[in-house]
*Asks:* 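Pasting a structure here, questions to come.
Heavy-atom basis, side chains included; hydrogens, waters and symmetry copies ignored.
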Amino acid sequence: MAQKEFSVVGKKIPRIDGYERVTGQAQYTGDYQLPGMLYARVLRSPYPHAKIISIDTSKAEKLPGVKAVIHHQNAQVPWASGGHTHKRYIFNNPVRYVGDSVAAVAATDRHIAEDALALIEVKYEKISHVLDAKEALKPDAPKISPDGNLSVGKGSFSAPITEEWGDLEKGFKEADRTFEDTYISKHVNNAQIERRVSVAKWEGAKLTVWASTQGVSNARTDIAKDLDLPLSKVRVICKYMGGGFGNKNQAQDYDLMAAVLAKVTGQPVKLEFTREDDFIGMHGRWASEQHYKIGVKKDGTITAVDLDAVTNVGAYRKQSGNLSGTDFYQIPNFKKVVKPVHTNTVVGANYRAPAYPQSVFGFASFLDQIAHELGVNPLDMFMRNRVRLYKSKTPFTSNFLEECIVEGAKKIGWNEKWHKAGATPGAKKHGIGMALGGYPFRPGLGAATIRVNPDGSAHVLVGVTDIGTGAKSTMAIIAAEALGIPLNRIQLTNGDTDVTPFCIGESGSRATSFTGPAVIAAAEDVRRLIFNVAAPQLKAKAEDLDLKDGNVFVKSDPTQRLPLGRAVARSGELIGRATTNPVFKGVEGKSFAAHFAEVEVDTWTGHVKITRYVAAHDSGTILNRLPAESQIMGGVMQGIGMALTEELLIDRPTAIPLNPSYRDAKVPTHLESPEVEVIFIEHSDPYGPFGGKVIGEPPITPAVATVANAIFNATGRRFKELPITPDKILRAVRV
Amino acid sequence: MEEEAKGKGVSRRDFLKGLGGGAIGTAVISTGLLDPGKVEAYPTESIGTSRGKSAVNLKVNGKAYRLEVEHRETLAEALRDQLGFTGTKIGCDRGECGACTVVINGRNIYSCSQLAVWMQGKEILTIEGLAKGDKLDPLQEAFIEHDGPQCGFCTSGQIMSGKALLLRNARPTEEQVRRALSGNLCRCGNYNREVAAVLAAASKVR
Amino acid sequence: MKSFQNVDVRSIKEAVSLLQKFHGEKKSAQVVSGGSELLQLMKDHVAAPDYLVNLKTIPGLNYIKEERSGFRIGALATLTEIEEHKGIREKLLFLSEAAGEAASPQIRNAGTIGGNICQRPFCWYFRSSNFNCLRKGGEVCYAIAGDNRYHAILGGGPSFIVHPSDLAPVLIALGARIKLAGPAGEKTMPLEKFFVLPQVDYKRENILQPGEILTEVQIPHPKPGSKGFYHKVRERQAWDHAIVSVSAVVQAKGGVCQEARVVLGGVAPIPWRAAKAEDFLRGKKVDEGSAQKVAEIALEGARPMKDNVYKVGLAKSLIQRALLASV
């Protein structure tokens, strides 16, 4: 339980690039200006399902300033990561949703590019379309994929997604009571503030793409594959990017379009999305309809869970479409069948903890409801059913979910504040609710290079992009700790595939768990070199030396020491490198969380005010404390938006999205933000870098259910469909 | 069903082998089958007949500039593309997110929703104008110290709204700070940090 | 945006004659004050004038004058200037509050009272270039068969927009008048008469004719013993339009209503004056019972659409809250 004494890890340290961000000096992709650069825009389909009969770009090409127009006929470029079932190109025919890319124009300025879009004449032949996932599964539904709308692909893109353990029939027989119900979540856009943009430039046969991406390495892999180029001829750079939360990983169609336009025109091209493009042209979180059958004992202990669900992945299958919210609960007998389905709508793919908040909403709301019907306190219900063993059999690397629940409940005063649902008299009703969440913590491939300079300062090279998580700082902190030198002697270079080694990219909270170990290993590698060089100078053997706080010293006599700069002064540059790919054997890694919220619901106006929020997290050792707390607060904020206001609305008769804007999509503002009290339950995980587990994704996972359960406690009304908007509350309380 | 252009048009390899700007595929010209519902905002004949262009004299970060601007160029575009002040970001271009916030004659305003040509004689302050040489504005220092930026894209706008507030009210309450920043969205959800930073900066200035 | 020419004018007279000239030459032109709203419409290709007549360069049109009879506010006074004006905060606090609830601080710093009153609807069909709706000259009001959760429950048909202004309901509750300048000279009228129901003309929200400009808002001081109330219910607490709003000015003596003006926002294509309800309340004690009856009468004849039934109950609740807060 005792934490190791660290020099740098775990301290409250400002981000290493804070200065660049607050002075406006940080260069994001859209800030790059290259000589001769053209501006590009994308033309999108106005129909949900249609064949393109013809495209006439002659008028657009004649507009002064227009340099090139590409479309499916003259730029048939595959976009492999854009769809893992039916093949997807950067321009598709037929078009499969309102917003599907039809053409792209490059011009000397962005206004001309926009003018040119209106001059492209496209003749469409409409095909019948389907918007609902369940409707799309019917045998006579219009086919979006030639093999039908159940989205079947290879490997992790199979369908349906099934999982099973124990004996379901036995489990239900053991139950005292069985409950069945359906919970519905909606498509929500990631809505990161930086709109999509890509800058592409060719120098001979080499392509450089300044991408706004979460993963330069996999963007490079994708671009090389789709354009049929060797990896060595593709360079992807991303030093700063303005958020993505899962929708800017790998290469995207606009990166490829920019590359094609740059090749065709012979000039660098900056392709920009409008905010509307961003809402509909990329993807958001997949909507879901989750049907649960849950068997419980009288005291609320779960005996069996049967989940039958449909997720709407939209026109193309970019990601899993899975639902994994049951992961944080102990379920002895389990069956899950999730059907990812194609519809003629905006793609549903990765958004922070892609398979979790919507399914935790469904499952934790239902558990809360069952607790109510059994007369059990939700705190007992969740405590009783918290997960102990993964899939009922595998132990976790570390699991302090119980402590999260205990400490969180104590902080919010659960025992004093909890009351029966709807008990508050008057129009403004108080409620308290909770839920459990977390996220997988996996090992994987990471790489790092550390160069120790002759003056004892060090250069750390890692492929992270830092989408806001503070990954750059975290890597620098890990390097400083692992090397044994002060943080201010470290320079970090990131996000450039020509310079930095492989990084899985910031998604799935993997930067720390994949790249962190590589940084530690690279540090150990260069320490060996340092000790070899320092040993004769200290008249000791290399294995007797240590390096801490920038000084090399003899372990048995620390007074025998040399500042690192002196020890390596004559060695040139010492380079340490590592590629690591650890594997967990017989254990499963997860971060855990328990969230608690108090709300005040005004039953006259339908307004929900969150008056208190407590988030207790088990993420192992907290490596980078300041950004870690910010991550928790940020995830909670996104969960609040998803719970209360956000949904992509589609006009049913025309299939056209109605609210592709910040105001109409109701993304939460400053005035929606409650104070969030963060509790870190810190116990070093034996498998994580310096004992740390993942932190980026866990905070959103229980947030939606936490707010929903608090609203139930306030009003006595269960909301089974998101978002819980004022009109839904007003309708419910008037009944 | 699917009718990808098999065998028609150019394959990926071909275009990479040097399809020049002129050899864009031919197509039968046809009048677009416009859906009865699709509105033509303006007759396409009027596109390309560029109209307004003027010179405008404005002050940015204390320095006078004379810019040639097309009338449809927004202040945000002029600042970023002509003057190189890329610290001001464009997040939505619709006056809804606040990433483009600058201070104009002492007030925080969305620069995407002002035309450059309207800035004649105005004094504009952007994020680049806050620091005095090497010395950061207390707001900037506070944002670093209190972890104001996560992804950092909304940061300039948040700081400029904070600046406009502190210029008029040196001792704001937390509620006043939140309200002053309420036109600045932060999708990373870092609102509480940003407010704490502005409050900290206010207490430093006193 | 389609390209255009911006023309700065130095006086209302110049603006009017320029608008007349363009109208005569069949050139499309629009006045612009704050700019936020018009630029948004132009970026979304809903408006595409060839000429912008920029009123911002008219000196001194942003005055806020307190006179014996009331306030006179120039059309270019920004929402922030109105919100912060000492006299308005002292005498008409709820007007200041309403101004402060509009949009966001950045919009309020540029947006003007003239622009706020003349703004176009935020109906998502109207604002999208994908729908050539009835109001824009097409054949169909798409809200009828579409998603109409934010649309009108009163006064709607054949178009079902709601008027988005926060200030207009308050000003009407205060009995404000406006001054218009035009080719035929100047005229004043009650603000209430400025707005146009769709059944009269579904292509316009107000009576402005080509060449006419709103130049001033005149607010008479409320009678002694009057209390003002404004409440806006919305989904987000910043930069969001009213789902329903209520403005009320109630003059009471000993708890008995002498005069009341109750105006609803977010429920109708024009700021909706609940005149029958006001008649009922006159001479009655303001209490829970009468407040409830007033609310019922105000919403009599409401014709909710499939998605906005909730607005009926919400409007009633707000009216009751407004009246009970006013005594």
Side-chain angles (χ1 to χ4, degrees), chain B residues 34-44 46-54 56 69-75 92-98 100-118 120-121 157 160-161 164-165 168 178-185, chain C residues 1-8 27-28 32-52 54-57 78 80-81 84 100-101 103-111 125-133 136-140 142 236-240:
Chain B
L34 286 176
D35 201 55
K38 176 112 183 123
V39 67
E40 252 189 359
Y42 39 88
T44 50
S46 72
I47 293 172
T49 49
S50 176
R51 296 180 192 258
K53 231 184 173 109
S54 304
V56 63
V69 295
E70 210 187 319
H71 286 187
R72 62 180 170 176
E73 198 173 329
T74 63
L75 173 60
C92 70
D93 200 32
R94 292 293 188 277
E96 291 174 359
C97 78
C100 69
T101 304
V102 296
V103 178
I104 302 177
N105 287 16
R107 296 284 190 181
N108 55 328
I109 289 179
Y110 298 134
S111 61
C112 76
S113 302
Q114 296 296 313
L115 297 179
V117 78
W118 294 339
Q120 179 68 30
M160 297 318 289
S161 286
L165 170 70
R168 324 189 80 79
R178 229 175 250 284
R179 204 161 171 276
L181 267 50
S182 62
N184 291 80
L185 290 182
Chain C
M1 293 186 270
K2 196 195 80 163
S3 59
F4 55 85
Q5 179 102 14
N6 176 78
V7 184
D8 294 338
K27 294 194 175 129
S28 57
V32 60
S33 57
S36 317
E37 204 230 344
L38 183 59
L39 287 193
Q40 207 175 37
L41 287 168
M42 290 166 71
K43 286 173 185 174
D44 286 333
H45 299 164
V46 174
D50 291 323
Y51 293 92
L52 294 195
N54 181 19
L55 303 178
K56 287 194 283 298
T57 40
T78 67
T80 297
E81 284 167 339
E84 291 179 353
E101 298 258 318
S104 72
Q106 290 92 325
I107 298 277
R108 298 195 284 272
N109 287 335
Y125 297 104
F126 176 77
R127 292 249 163 188
S128 165
S129 63
N130 289 311
F131 296 95
N132 188 25
C133 74
K136 289 185 280 193
E139 314 252 306
V140 172
Y142 288 91
R236 300 193 307 177
Q237 303 315 301
W239 214 157
D240 208 355

*Asks:* Hey, does C:Q106 have a side-chain heavy atom less than 4.5 Å from the side chain of B:S113?
*Replies:*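 No - every pair of side-chain heavy atoms lies 4.5 Å or more apart.
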*Asks:* C:K43 versus chain B, heavy atoms under 4.5 Å apart: side chain, backbone, both or neither?
*Replies:*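 The answer is both parts of C:K43.
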*Asks:* For a side chain to side chain contact (heavy atoms under 4.5 Å, CB included) check, start with the C-alpha distance between B:Y110 and C:L39, then their side-chain angles and the critical distance, and finish with the verdict.
*Replies:* CA-CA 12 Å; B:Y110 298 134; C:L39 287 193; over 6 Å; no
*Asks:* Which one of B:N108, B:L181, B:N184 satisfies the side-chain contact (heavy atoms from CB on, under 4.5 Å) criterion with C:P105?
*Replies:*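 Only one option passes, and that is B:N108.
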*Asks:* Spell out, as yes or no, whether a donor-acceptor pair under 3.5 Å connects the side chain of B:R107 to the backbone of C:N109.
*Replies:*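 No, because the side chain of B:R107 does not come within donor-acceptor range (under 3.5 Å) of the backbone of C:N109.
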*Asks:* At a 4.5 Å cut-off on heavy atoms, which part of C:N54 comes close to chain B: side chain, backbone, both, or neither?
*Replies:*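 Side chain of C:N54 only, per the 4.5 Å heavy-atom cut-off to chain B.
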*Asks:* Measuring heavy-atom distances to chain C, does B:T74 have an atom under 4.5 Å in its side chain, in its backbone, in both, or in neither?
*Replies:*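 For B:T74, side-chain heavy atoms alone lie under 4.5 Å from chain C.
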*Asks:* Report the distance from atom CD of C:Q5 to atom CZ of B:R72, rounding to the nearest 0.5 Å.
*Replies:*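 Separation between the atoms: 13.0 Å.
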*Asks:* Would you mind checking which part of B:T101 comes under 4.5 Å of any heavy atom in chain C, side chain (CB onward), backbone (N, CA, C, O), both or neither?
*Replies:*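 B:T101 touches chain C through side-chain heavy atoms alone.
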*Asks:* Which heavy atom of B:R94 sits nearest a heavy atom of C:Q40, and at what distance?
*Replies:*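 Looks like O-NE2, 2.8 Å.
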*Asks:* Give, as side chain, backbone, both or neither, the part of C:L52 having an atom under 4.5 angstrom from any heavy atom of chain B.
*Replies:*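 Only the side chain of C:L52 comes within 4.5 Å of chain B.
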*Asks:* Indicate yes or no: does B:E96 engage C:R236 in a salt bridge with an N to O separation below 4.0 Å.
*Replies:*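 A salt bridge is absent here (no side-chain N lies under 4.0 Å from a carboxylate O).
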*Asks:* Chain C heavy atoms under 4.5 Å from B:L115: which part of the residue, side chain, backbone, both or neither?
*Replies:*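 Its backbone and side chain both get close to chain C.
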*Asks:* Identify the heavy atoms of C:I107 and B:G95 that sit nearest to each other, and give their distance.
*Replies:*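 Scanning both residues, the minimum pair turns out to be CD1-O, 3.9 Å.
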*Asks:* Could you walk me through whether B:Q114 and C:K56 pass the side chain to side chain contact (heavy atoms under 4.5 Å, CB included) check?
*Replies:* CA-CA 12 Å; B:Q114 296 296 313; C:K56 287 194 283 298; 4.2 Å; yes
*Asks:* Please determine, among B:D93, B:I104, B:V117, the option with the most heavy-atom pairs under 4.5 Å with chain C.
*Replies:*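 Top count of heavy-atom pairs under 4.5 Å with chain C: B:D93.
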*Asks:* Can you sort out the partners of C:E101 under salt bridge (Lys or Arg N to Asp or Glu O under 4.0 Å), two or more places apart, ordered by chain and number?
*Replies:*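 In terms of salt bridge (Lys or Arg N to Asp or Glu O under 4.0 Å), with neighbours along the sequence ignored, C:E101 is linked to C:R234.
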*Asks:* Go through the atoms of C:V7 and report whether side chain, backbone, both or neither lie under 4.5 Å from a heavy atom of chain B.
*Replies:*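 It is neither, since no heavy atom gets under 4.5 Å.
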*Asks:* Apply side chain to side chain contact (heavy atoms under 4.5 Å, CB included) to C:W239 and B:L185, showing your working.
*Replies:* CA-CA 10 Å; C:W239 214 157; B:L185 290 182; over 6 Å; no
*Asks:* With a 4.5 angstrom heavy-atom cut-off, is it the side chain or the backbone of C:T78 that approaches chain B, or both, or neither?
*Replies:*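 The answer is neither part of C:T78.
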